[in-house]
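What's counted below: heavy atoms across the whole structure, side chains too, no hydrogens, waters or symmetry copies.
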There are 2 protein chains.
Amino acid sequence: MYTETPTTGSTGPVRASERAYRQLRGEILDGLLVPGTGLLEVEQSARIGVSRTPLRAAIARLIADGLVAGRPGRGFMVTEMSVDSIRELYEVRRALEEHAARIAAERRDPAVFEALRAQFVAAPELLRHGDAGLRRYYELIDEFDLALDAAVANPFLVGALAGVRTHLARIRRLARDNPHRLRSAAAEHLLIVDAVLAGDSSLAAHATHVHLHQSLTSVLGTLGEAGVVPAGPAPRSAHHSHSPN
Amino acid sequence: MYTETPTTGSTGPVRASERAYRQLRGEILDGLLVPGTGLLEVEQSARIGVSRTPLRAAIARLIADGLVAGRPGRGFMVTEMSVDSIRELYEVRRALEEHAARIAAERRDPAVFEALRAQFVAAPELLRHGDAGLRRYYELIDEFDLALDAAVANPFLVGALAGVRTHLARIRRLARDNPHRLRSAAAEHLLIVDAVLAGDSSLAAHATHVHLHQSLTSVLGTLGEAGVVPAGPAPRSAHHSHSPN
DNA sequence: CAGCAATTCTATGTATACATAGGGCTTCAA
DNA sequence: TTGAAGCCCTATGTATACATAGAATTGCTG
């Protein structure tokens with residue numbers, strides 16, 4: 001309460017670069033900044049209300065996240081999400097999440113996954129409660145991811161998964177899940193949770209594989225119906241591509 | 001010798017931030033900047049010969065790479081490499097490289113891996129030629145990695161692997177490989193190449209698993225002999241940990 | 001009318017000056 | 001002597017002014 005806002009609560013760091021980063025990232029993930037949009041430093045810094053310096057820091061982080069690509073001389077651009085890149089993303093996601101599920105089954109805290117299990121059992125009911133239920137369902141997915149992260153207890157793996165999930169958020173927005181798919185997904189999640197609870201690492205990995213296969217199939221199906229860019233020139237270099245040598 | 005050379009050829013971008021990034025990254029990977037070293041902006045910018053602005057950009061990239069961690073208020077620090085973090089790194093590395101090997105076996109260009117095969121067959125001979133041979137051997141490993149990257153043709157996976165390999169370079173420096181281990185490693189690589197050539201994705205994955213297991217065992221053995229930090233407080237967050245929400 | 005080249009304009013890259021926050025040290029009091 | 005409180009100093013965070021490179025446009029020439 002020393003500044004202007006009384007008590008913002010948990011929003012501790014009010015650094016300008018942090019604000020710029022969160023706003024731009026949110027807008028890209030929400031699709032407000034359409035892929036291909038050129039990000040001009042002066043324009044964006046004026047819009048967000050920060051100087052060019054913190055905005056450059058924000059853009060640097062977005063480039064590291066793979067959400068923004070810098071053209072050689074001319075400006076920056078929100079990266080595209082082609083169907084090919086979605087396939088590629090799921091390829092990495094499978095590798096990481098299968099491994100994470102396998103490890104989680106070995107190291108999990110039973111109490112946490114018992115609680116998750118109960119919620120996934122109730123998920124189909126949840127999905128009958130319109131938009132609010134849908135939001136709650138996605139929160140449940142986030143809790144599941146967090147529980148998995150805590151179980152694997154591996155900063156490298158968690159970091160890699162975080163990078164994948166970033167791009168996943170963009171895809172989730174493109175492909176509007178239908179209720180039927182969501183109910184199936186809940187059942188698949190339940191199986192994974194059960195496997196983790198039982199300490200069955202092999203089943204956890206295979207169930208994750210199946211779930212991601214179904215998820216990708218659904219996403220590609222939705223995108224096939226709608227008019228999404230069918231192939232695209234591929235988003236050069238997903239993560240940071242600063243090759244030092 | 002990079003500064004005043006008239007035409008360095010392929011080294012196009014002479015941006016100050018790029019120079020600072022490469023120099024700092026190289027020094028961290030080579031162990032010149034000991035883990036735990038505090039990086040002061042003014043000090044480093046004066047030493048490297050750039051202003052604070054490009055140096056901050058360089059540090060931002062190093063943070064994204066996981067080589068540098070920023071303390072809340074007070075400065076930056078070269079991240080530690082504990083034995084635990086090495087185990088964690090190899091856990092991710094196994095997941096990614098097994099998957100990459102599996103995919104490479106399906107999509108590889110036979111000619112490329114034929115050439116690699118010949119070189120790995122000749123590797124044991126190479127390792128009898130002292131330091132020059134050793135350098136050539138490591139170049140061969142790099143060629144192998146590049147061939148794998150080209151075969152998987154997945155920017156996301158390649159990017160994730162690049163991140164892992166960055167940290168691996170630091171470990172490689174800590175754990176001086178003995179000639180016996182290198183000969184075994186060459187044989188293991190040969191098996192992987194053969195599996196990829198044969199299009200046997202399952203064998204490629206399993207051979208990679210075995211190779212990485214042996215590699216980790218060797219590294220941990222070497223570190224056990226020498227006096228390396230046995231556990232450490234774990235390097236908080238390997239990759240970027242800017243949680244937006 | 002088409003192609004090439006020079007110029008200009010724009011947006012990034014860099015440097016520096018200023019604001020601010022956090023930590024360490026000193027000093028005073030109990 | 002020890003504890004705490006306040007001051008100072010240092011290092012990061014931010015803003016702005018300047019340099020520079022690349023691209024598009026426009027004009028000229030064949």
Identify which nucleotide among [options] has an atom closest to any side-chain atom of [X], counting heavy atoms from C-beta outward.
| X | options | result |
| --- | --- | --- |
| A/Pro54 | D/dT14, D/dT12, C/dA15 | D/dT14 |
| B/Leu40 | D/dT12, C/dG13, D/dT14 | D/dT12 |
| B/Arg52 | D/dC18, D/dT12, C/dA15 | D/dT12 |
| A/Arg56 | C/dT16, C/dG13, D/dT14 | C/dG13 |
| A/Arg15 | D/dA15, D/dT14, C/dG13 | D/dT14 |

Residue-phosphate contact under 4.0 Å: A/Ser17 side-chain N/O, D/dT14 OP1/OP2: yes

Could you state the atom-to-atom distance from [atom1] of [X] to [atom2] of [N] in whole Å?
| X | N | atom1 | atom2 | value |
| --- | --- | --- | --- | --- |
| B/Met77 | D/dT12 | CE | P | 14 Å |
| A/Glu43 | C/dT12 | CD | C1' | 14 Å |
| A/Glu18 | D/dG13 | CD | P | 11 Å |
| B/Glu41 | D/dT12 | CD | C1' | 6 Å |
| A/Ile48 | D/dT14 | CD1 | C1' | 15 Å |

Lys/Arg-Asp/Glu bridge criterion (N-O < 4.0 Å) met for A/Asp149, A/Arg165: yes

Cation-pi, B/Phe113 ring and B/Arg108 (6.0 angstrom, 45 degrees): no

cation_pi(A/Arg93, A/Tyr90) dist<6.0 Å, angle<=45: yes

side-chain contact (heavy atoms from CB on, under 4.5 Å) between A/Val68 and A/Thr79, intermediate numbers included: CA-CA 5 Å; A/Val68 167; A/Thr79 52; 5.5 Å; no

Sugar-phosphate only, base, or nothing, as touched by B/Leu39 at under 4.0 Å among non-hydrogen atoms: sugar-phosphate

